[in-house]
Amino acid sequence: MPALRDEAPVFVLDLGDDENRFSPSWLETVHSLLDTVVAHPDPAVLVTTGSGKFYSNGLDLEWLTANSDQAGKYVADVHELFARVLTLGVHTVAAINGHAFGAGAMLAMAHDFRVMRADRGYFCFPEADINIPFTPGMAALIQGKLTPAAAIASMTTGRRFGGTDARDLGLVDAVAEEPALLEYAADVVRPLAGKDRGTISAIKTTMFTTAVTALRTA
């Protein structure tokens, strides 16, 4: 399950050591840990990462199949996590330690910055290959962060991008070797700790109004 470490001013949110899929309990835990970060009185920034082979494999399709009557609420809950991270009042960086697929890649995309492991792991939107179209909110989130060419190359192909290719396309901002990944990511946001949280959240909300509105519209 997700866990939070306080390495002031950096909070490290470890998404877990398995596929880190978005089960309802996983989502609830992540929101609770985000509550801790935003309520902290001292300057703070956030790094998210995984501790196994995956950053996140995204939607919990097994749970969703078994609970299809709850699909609408589940998708709304996933959308809300994306919207919250997208507009969080502290600066955020995803330290992509391994595979980021589907909604897991979208969660990374919701961060302010992304640093990916250079030697292993894929960044992939597999929707075109698994026949699950993007919701309007998901599409708006991705397109709000990418050039049109990068959006087409990643959203319509199902292609798996290694770290260097993901950087070259603009899916991530930088790559780092695995031993240095967390520290590299932390260094990206550490100098930004202490900025007014209301202002930062308002700026992000304005920047990404289209995505936030789409994500939070039922």
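For reference, positions follow the sequence shown, starting with 1.
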May I ask you to decide whether [X] forms a salt bridge with [Y], counting only side-chain N to carboxylate O separations under 4.0 Å?
X      : Y      : result
Glu177 : Arg120 : no
Asp165 : Arg167 : no
Lys204 : Asp112 : yes

Checklist entry - Below 6.0 angstrom between ring centroids: does that apply to His40 and Phe11? => result yes

Checklist entry - When the ring planes of Trp26 and Phe22 are compared, do they come out parallel, tilted or perpendicular, using 30° and 60° as the limits? => result parallel

[atom2] on [Y] to [atom1] on [X], rounded to 0.5 Å:
X      : Y      : atom1 : atom2 : value
Arg84  : Thr92  : CZ    : OG1   : 12.5 Å
Phe161 : Tyr122 : CZ    : OH    : 12.0 Å
Ser56  : Asn97  : OG    : CG    : 10.0 Å
Leu27  : Arg21  : CG    : CZ    : 13.0 Å

Non-hydrogen atoms of [X] and [Y] that approach each other most closely:
X      : Y      : result
Leu169 : Ala150 : O-CB, 3.6 Å
Ala211 : Leu86  : CB-CD2, 4.0 Å
Leu15  : Asn20  : O-OD1, 3.3 Å
Phe134 : Met155 : CE1-O, 3.4 Å
Tyr184 : Ala174 : OH-CB, 3.6 Å

Checklist entry - When you look at Arg190 and Glu183, which way does the salt bridge (charged side-chain N to carboxylate O under 4.0 Å, His left out) test go after all the steps? => result CA-CA 10 Å; Arg190 187 180 287 110; Glu183 191 60 27; 3.4 Å; yes

